[in-house]
Amino acid sequence: MRHPRIRPLLFLIPVLAAFSPAQGATLAQVKASGVLRLATEGNYPPFNYYKNKTLTGFEVDLGNAIARQLGVKPVWTTVVFESLLLGLDRDRYDLVIASHGITPDRLKAVDFSTPHYCSGGVLVARPGGPRTIADLKGKVVTMGVNTTYLKYVQQLPGIGGVKTFPTTNDQLNAVLNKRADAMVLDRFNAIDASKVLPGKLQIGNIIFPERIGMAVRKNNPDLLNSVNKALATLMADGTYTKLSEQYFGQDVRCP
Ligand code: ARG
């Protein structure tokens with residue numbers, strides 16, 4: 001359903017597009033500026049989050065390592081997840097690394113790097129709650145705004161209701177406060193959350209496997225290729241394995 005107050009603003013999209021540059025900063029421009037402008041959410045541990053006011057996490061360390069490979073300095077912006085890809089189109093930053101699943105829909109709007117990890121959405125509930133898709137019949141499920149999980153769950157038959165929240169924390173609170181029966185969360189977020197809230201959460205099955213990639217603005221092949229090359233180097237030289245082991249205790253690259 002479209003929000004009635006948002007609707008009139010849709011007419012502005014062609015106007016904004018006319019004012020934004022056609023392809024965003026090219027690789028040559030990134031190198032000349034000496035800076036790679038990266039964006040993430042900052043609320044998604046252990047991938048990207050604030051620890052004592054410092055942005056950190058697997059994706060932040062990986063993004064920094066990619067900038068280093070390109071020979072430039074990383075500069076980070078944090079934006080709510082639902083708006084991250086829009087900022088690419090407005091040329092606010094060059095690269096988004098925020099656990100976006102690579103989907104045909106998103107590929108209409110942005111380009112994706114080769115996957116920087118593989119994972120899947122799991123069902124998280126209070127102990128004794130839903131573990132499988134079959135258990136979701138008649139249950140209220142919560143997901144993040146604009147996530148792949150939301151799209152997936154919305155089309156499942158027999159769901160009791162869907163609630164969206166902007167952050168993982170809001171979704172977790174809804175489950176803990178019984179405003180929702182379950183949530184879908186990346187498997188590694190779920191492991192992290194269950195460590196922070198021992199005994200309070202049950203982690204169910206992976207219901208939605210996905211390949212996760214970094215997004216760049218469309219029609220920017222040089223930048224995309226150099227990001228892919230940088231990722232391949234880090235995956236080959238041990239940097240990726242080290243980071244992955246540090247955050248997850250395993251190598252999370254796609255098989
Ligand atoms: N992987 C899911 C998706 O692609 C969830 C990503 C949520 N990421 C975040 N930074 N909050 O939609």
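One-based numbering, in listed order, for ligands and for the atoms of each. Predicted model only: the values in this text are computed from it and were never measured.
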Q) Charged N to carboxylate O below 4.0 Å: is that the case for R37 and D91? A) yes
Q: Examine the side chains of N43 and T167 and answer whether a donor and an acceptor come within less than 3.5 Å of each other.
A: no
Q: Return a yes/no value for R106: is any of its N or O atoms, backbone included, closer than 3.5 angstrom to an N or O of ligand 1?
A: yes
Q.
Tell me if the centroids of the rings in H100 and F81 come within less than 6.0 Å of each other.
A. yes
Q: Can you figure out which of I97, T148, N189, L84 has its heavy atom closest to atom 12 (O) of ligand 1?
A: T148
(Q) Checking the N or O distance criterion of under 3.5 Å, is ligand 1 in contact with I212? (A) no
Q: May I ask you to identify, for F47, whether its side chain, its backbone, both or neither come under 4.0 Å of ligand 1 on a heavy-atom basis?
A: neither
Q) At a 4.0 Å threshold, what atoms of ligand 1 neighbour a non-hydrogen atom of H100? A) 4 (O)
Q) Quick one: do the N205 and T132 side chains pair a donor with an acceptor below 3.5 Å? A) no
(Q) Checking the N or O distance criterion of under 3.5 Å, is ligand 1 in contact with G101? (A) yes
Q: Applying ring pair (Phe, Tyr, Trp, His ring centres under 6.0 Å) between F188 and each of Y247, F248, Y44, report the one that passes.
A: F248
(Q) Polar contacts were defined as any N/O atom of the residue lying under 3.5 Å from an N/O atom of the ligand; does this apply to S99 and ligand 1? (A) yes
Q: Assert yes or no for the condition that the ring centre distance of F58 to Y49 is strictly below 6.0 Å.
A: no
Q) Counting only heavy atoms, which portion of E41 has something under 4.0 Å from ligand 1: side chain, backbone, both, or neither? A) side chain
(Q) Assess, by modelled atom type and distance only, whether the side chains of T147 and Y152 contain a donor and an acceptor separated by less than 3.5 Å. (A) no
**Q.** Nearest protein heavy atom with distance in Å, relative to atom 1 (N) of ligand 1
**A.** E210 OE2, 2.5 Å
